[in-house]
Amino acid sequence: MKRTLRSIFVALAILAVTPFALAQDAAAERERKSAEVLTKMRQVDLLNQILPVALTKAQIEKILPVIEKCRQLVKQTEIEEAGILASLDKRLTETVKAGIEKQDVPNKEYLAELAKAYTAMGDKRRKVATANVIAATMAFTEACNKGQQKTAGNSLNPRYIDPSLKLEELTDAQRLQYWIQDVLLDPRAYDLLVKMAKFVN
């Protein structure tokens with residue numbers, strides 16, 4: 001009898017949990033598929049920007065190592081940020097808990113400390129982004145001819161990045177840098193270029 005009751009309780013527990021688990025699995029699967037589709041949409045956009053430049057296999061192979069170094073620099077920055085955020089987590093958790101349970105307002109000094117950390121991370125990201133654009137631009141201009149550089153610079157509307165830009169005031173070099181920043185240094189562009197190198201001459 002006890003075994004029978006236990007079996008019933010286990011079965012009921014499974015039935016109670018299963019719909020929730022299935023719902024979670026379904027949601028996760030939807031998110032995964034949506035992410036895949038969004039990635040492909042961005043890949044199409046990137047190909048629309050890259051293919052007109054008509055990169056050769058040799059040019060791609062010259063550019064890829066520099067892009068890889070840029071990617072590593074970004075990853076290192078992300079690791080450093082993760083360390084900073086981890087160091088802030090305990091006190092943040094305590095502050096949130098105190099705010100909810102005791103209605104304690106975070107003090108100005110602590111808010112200033114958080115703002116300083118946030119600003120420092122933002123500054124580091126901007127410095128890394130600038131360094132990467134410079135390095136990738138040098139690699140691209142050394143590998144590609146003037147016509148390809150012109151095509152790349154003209155294939156992207158920089159106002160998608162900064163709506164306040166006055167296009168008539170931008171030099172060709174500035175246009176190219178925006179293309180480098182938004183297209184060539186996009187993480188998904190690296191994978192596309194690796195695959196393209198197998199099919200172009």
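- Looking only at side-chain heavy atoms (C-beta outward), Met121 and Arg126 stay at 4.5 Å or farther from each other.
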What do the steps show when you test Leu88 against Tyr118 for side-chain contact (heavy atoms from CB on, under 4.5 Å), and what is the final call? CA-CA 11 Å; Leu88 297 172; Tyr118 187 81; over 6 Å; no
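- Here the closest heavy-atom approach between residue Thr151 and residue Pro52 is recorded as CG2-O, 3.5 Å.
- For the atom pair Tyr178 OH and Leu170 CG, the distance stands at 6.0 Å (nearest 0.5 Å).
- Ile63 is listed as a side-chain neighbour of Leu184, based on a closest heavy-atom distance under 4.5 Å.
- From Lys97, atom NZ reaches atom OG1 of Thr93 across 10.5 Å, with rounding to the nearest 0.5 Å.
- Donor-acceptor pairing under 3.5 Å is recorded for the side chains of Glu68 and Gln72.
- Across every non-hydrogen atom of Ala189 and Leu46, the tightest pair is N-CD1, 3.7 Å.
- Ion pairing between a basic and an acidic side chain is recognised when a charged N comes within 4.0 Å of a carboxylate O; Asp182 and Arg188 show no such pairing.
- Between Met196 and Ile50 the shortest side-chain heavy-atom distance falls below 4.5 Å.
- Under the 4.0 Å criterion applied to side-chain N and carboxylate O atoms, Glu29 and Arg32 are assigned as salt-bridge partners.
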Begin from the C-alpha positions of Glu78 and Lys75 and carry the test salt bridge (charged side-chain N to carboxylate O under 4.0 Å, His left out) through to its verdict. CA-CA 5 Å; Glu78 290 173 348; Lys75 287 179 182 177; over 6 Å; no
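- Side-chain atoms of Glu169 and Gln174 form no donor-acceptor pair, as typed in the model, at a separation below 3.5 Å.
- Distance check: Gln43 CD to Asp45 CG gives 11.0 Å after rounding to the nearest 0.5 Å.
- Between Glu80 and Lys124 there is a salt bridge, with a side-chain nitrogen of the basic residue lying less than 4.0 Å from a carboxylate oxygen of the acidic one.
- Heavy atoms only, all atoms of each residue included: Thr77 and Arg125 are closest at CG2-CG, 4.4 Å.
- Contact check for Arg175 versus Lys150: no side-chain heavy atoms found under the 4.5 Å cut-off.
- A salt bridge does not link Lys40 to Glu36: none of the charged nitrogens lies less than 4.0 Å from a carboxylate oxygen.
- For Ala152 against Trp179, the heavy-atom pair with the smallest separation is O-CD1, 3.1 Å.
- Across Gln103 and Ile100, no two heavy atoms sit closer than the pair NE2-O, 3.0 Å.
- A 4.5 Å side-chain heavy-atom check between Lys62 and Gln59 finds every atom pair outside the cut-off.
- Going from atom CG of Leu193 over to atom NZ of Lys57 covers 12.0 Å, rounded to the nearest 0.5 Å.
- Judged purely by distance below 3.5 Å, without hydrogens or angles, the side chains of Gln177 and Thr137 never pair a donor atom with an acceptor atom.
- Ion pairing of Lys102 with Asp104 is absent here, as no side-chain N (NZ or NE/NH1/NH2) approaches a carboxylate O to less than 4.0 Å.
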Please evaluate residues Leu47 and Leu192 with respect to the criterion side-chain contact (heavy atoms from CB on, under 4.5 Å), reporting the C-alpha separation (whole Å), side-chain torsions for both, the decisive distance (0.1 Å), and the verdict. CA-CA 8 Å; Leu47 288 169; Leu192 289 175; 4.1 Å; yes
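- In the hydrophobic clustering of ILVMFWY residues, with side-chain heavy atoms under 4.5 Å counting as a link, Val183 and Val194 come out together.
- None of Asn157, Asp162, Leu156 except one satisfies the side chain to side chain contact (heavy atoms under 4.5 Å, CB included) rule with Arg159; the exception is Asn157.
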Dump the intermediate steps for side-chain contact (heavy atoms from CB on, under 4.5 Å) on Val200 and Leu55, then the final yes or no. CA-CA 8 Å; Val200 296; Leu55 293 168; over 6 Å; no
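- Distance check, rounded to the nearest 0.5 Å: CD of Gln181 to CD1 of Ile161 gives 5.0 Å.
- The hydrophobic cluster containing Leu111 does not contain Ile84, counting ILVMFWY residues as joined when their side-chain heavy atoms lie under 4.5 angstrom apart, directly or transitively.
- The shortest heavy-atom contact between Ile180 and Val133 is CG2-O, 4.0 Å.
- Between Asn201 and Thr56 there is no side-chain heavy-atom pair separated by less than 4.5 Å.
- Follow the hydrophobic side-chain contacts under 4.5 Å out from Met138 and you never reach Tyr190; the two are in separate clusters.
- Looking at heavy atoms from C-beta onward, Leu92 lies in side-chain contact with Tyr110 at the 4.5 angstrom threshold.
- Between Asp172 and Leu176 there is no side-chain heavy-atom pair separated by less than 4.5 Å.
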